[in-house]
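Step one of this worksheet: look at the structure below.
Both backbone and side-chain heavy atoms feed into the values below; hydrogens, waters and symmetry mates do not.
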Amino acid sequence: MSKVKVIPCSGIGKVYGLMARETVLQVTDVLSKDTAETVCLAHIVTGDDSAKEKIKGCSCITVDGCPALCSAKSVENAGGIIRAKYRAVDEMRNHRGKNAGTATALTEDGWQIVDEFAGKISAKVTELLEEESRNA
Ligand code: SF4
């Protein structure tokens with residue numbers, strides 16, 4: 001069974017983009033390293049065949065910073081099957097009043113929010129794979 005692709009946006013000027021990227025790395029490098037992997041969004045957007053090949057027809061989870069949904073739109077255009085979409089900005093709504101940091105550095109609160117967010121996405125990876133094996 002192929003790994004679930006978990007793909008963050010490339011947000012660079014806002015804390016939400018940093019949160020999206022750090023969250024995905026936590027999922028693909030730590031919590032779900034045997035069952036999930038990431039693909040560089042810029043590589044997908046530029047139309048690289050090998051990057052597109054990796055996601056075409058595969059279960060994907062997108063993690064965007066904000067409502068612009070750059071990852072979700074690009075993954076969908078490239079033929080990935082989006083099974084779940086997340087946005088860091090929504091995650092912040094569960095932590096009103098907390099300062100997550102800046103575009104370049106997370107605060108201690110920011111890292112805690114990222115840990116919680118990553119746990120949620122990792123649980124979704126497990127759920128999707130269980131669903132796929134039931135339907136196999
Ligand atoms: S989804 Fe928002 S934060 Fe992410 S790359 Fe697009 S505009 Fe930037």
Side-chain angles (χ1 to χ4, degrees):
M1 192 172 296
S2 68
K3 290 183 174 182
V4 175
K5 315 298 182 247
V6 187
I7 305 162
C9 74
S10 309
I12 204 79
K14 307 172 189 163
V15 68
Y16 302 131
L18 179 61
M19 290 174 73
R21 292 197 308 282
E22 292 292 358
T23 299
V24 168
L25 288 176
Q26 184 94 274
V27 174
T28 57
D29 290 7
V30 184
L31 299 176
S32 304
K33 62 178 166 25
D34 297 326
T35 49
E37 63 184 346
T38 193
V39 182
C40 178
L41 184 68
H43 218 189
I44 296 169
V45 171
T46 55
D48 179 85
D49 285 342
S50 65
K52 280 178 27 187
E53 204 50 47
K54 267 194 194 154
I55 63 166
K56 203 170 179 184
C58 291
S59 290
C60 299
I61 294 175
T62 56
V63 185
D64 278 300
C66 77
L69 294 175
C70 298
S71 175
K73 288 176 187 166
S74 308
V75 167
E76 193 165 24
N77 283 342
I81 300 171
I82 300 180
R83 308 286 306 278
K85 284 180 200 171
Y86 294 92
R87 307 187 311 185
V89 68
D90 295 331
E91 207 52 29
M92 282 307 291
R93 292 201 178 104
N94 303 328
H95 300 276
R96 280 189 202 285
K98 295 259 171 79
N99 172 16
T102 66
T104 53
L106 297 176
T107 59
E108 201 172 308
D109 279 346
W111 281 111
Q112 268 174 19
I113 296 165
V114 160
D115 284 349
E116 201 178 297
F117 196 16
K120 197 185 284 186
I121 296 170
S122 179
K124 180 53 94 175
V125 168
T126 306
E127 186 189 313
L128 292 178
L129 289 173
E130 283 171 359
E131 218 176 282
E132 281 179 20
S133 71
R134 270 198 306 274
N135 296 333

- Task: Evaluate the side-chain proximity of Val63 to Phe117: yes if any heavy-atom separation is below 4.5 Å, no if none is.
- Result: yes

- Message: Count I, L, V, M, F, W, Y as connected when their side-chain heavy atoms are under 4.5 Å apart, and connections chain through other members. Are Val4 and Ile55 then in the same cluster?
- Response: no

- Message: How close do Gly65 and Ala20 get, counting heavy atoms only, and between which atoms?
- Response: N-CB, 4.2 Å

- Message: Looking at every heavy atom in both Ser32 and Ser122, which two are closest together, and how far apart are they?
- Response: OG-OG, 2.6 Å

- Query: How close do Cys9 and Asp64 get, heavy atom to heavy atom, and via which atoms?
  - Reply: CB-OD1, 3.1 Å

- Message: Listing request: all salt bridge (charged side-chain N to carboxylate O under 4.0 Å, His left out) pairs with a residue in residues 115-127, at least two apart in sequence or in separate chains.
- Response: Glu91-Lys120, Lys124-Glu127

- Message: Which heavy atom of Ala78 sits nearest to which heavy atom of Ile44, and what is that distance?
- Response: CB-CG2, 3.6 Å

- With sequence neighbours excluded, what pairs up with Ala123 under the side-chain contact (heavy atoms from CB on, under 4.5 Å) test? none

- Which value, rounded to the nearest 0.5 Å, describes the distance between Arg93 atom CZ and Asp90 atom CG? 5.0 Å

- Task: Could you check if a side-chain atom of Ile61 sits within less than 4.5 angstrom of a side-chain atom of Leu128, using non-hydrogen atoms only?
- Result: yes

- List the atom of Pro8, the atom of Val24, and the distance in Å for their closest heavy-atom pair. CB-CG2, 3.6 Å

- Sort and list the pairs that fulfil side-chain hydrogen bond (donor to acceptor under 3.5 Å, both in side chains) and have at least one residue in residues 50-61, not counting sequence neighbours. Asp48-Ser50, Ser59-Arg83, Ser59-Glu132

Run the side-chain donor-acceptor check on residues 104-111: report pairs under 3.5 Å with partners two or more places apart or on a different chain.
residue: Thr104; atom: OG1; partner: Thr102; partner atom: OG1; Å: 3.3
residue: Thr107; atom: OG1; partner: Asn99; partner atom: O; Å: 2.5
residue: Thr107; atom: OG1; partner: Ala100; partner atom: O; Å: 3.3
residue: Thr107; atom: OG1; partner: Asp109; partner atom: N; Å: 3.4
residue: Thr107; atom: OG1; partner: Gly110; partner atom: N; Å: 3.0

- Task: Write down the atom of Val6, the atom of Ala36, and the distance for their closest heavy-atom approach.
- Result: CG2-CB, 3.9 Å

Give the table of side-chain donor-acceptor pairs shorter than 3.5 Å for residues 66-74, with sequence neighbours excluded, one pair per line with atom names and distance.
residue: Ser71; atom: OG; partner: Ile7; partner atom: O; Å: 2.9
residue: Lys73; atom: NZ; partner: Ala68; partner atom: O; Å: 3.0
residue: Ser74; atom: OG; partner: Cys70; partner atom: O; Å: 2.7

- Message: Taking side-chain hydrogen bond (donor to acceptor under 3.5 Å, both in side chains) as the cut-off, I'd like each qualifying pair that reaches into residues 3-16, sequence neighbours left out, listed once.
- Response: Lys5-Glu37

- Task: Drop me the distance from Leu25's CG to Leu31's CG, to the nearest 0.5 angstrom.
- Result: 11.5 Å

- Message: In the structure I gave you, are the side-chain heavy atoms of Gln26 and Glu22 within less than 4.5 Å of one another anywhere?
- Response: no

- One should read off an interatomic distance between Ile121 CD1 and Thr126 OG1, to the nearest 0.5 angstrom, of 12.0 Å

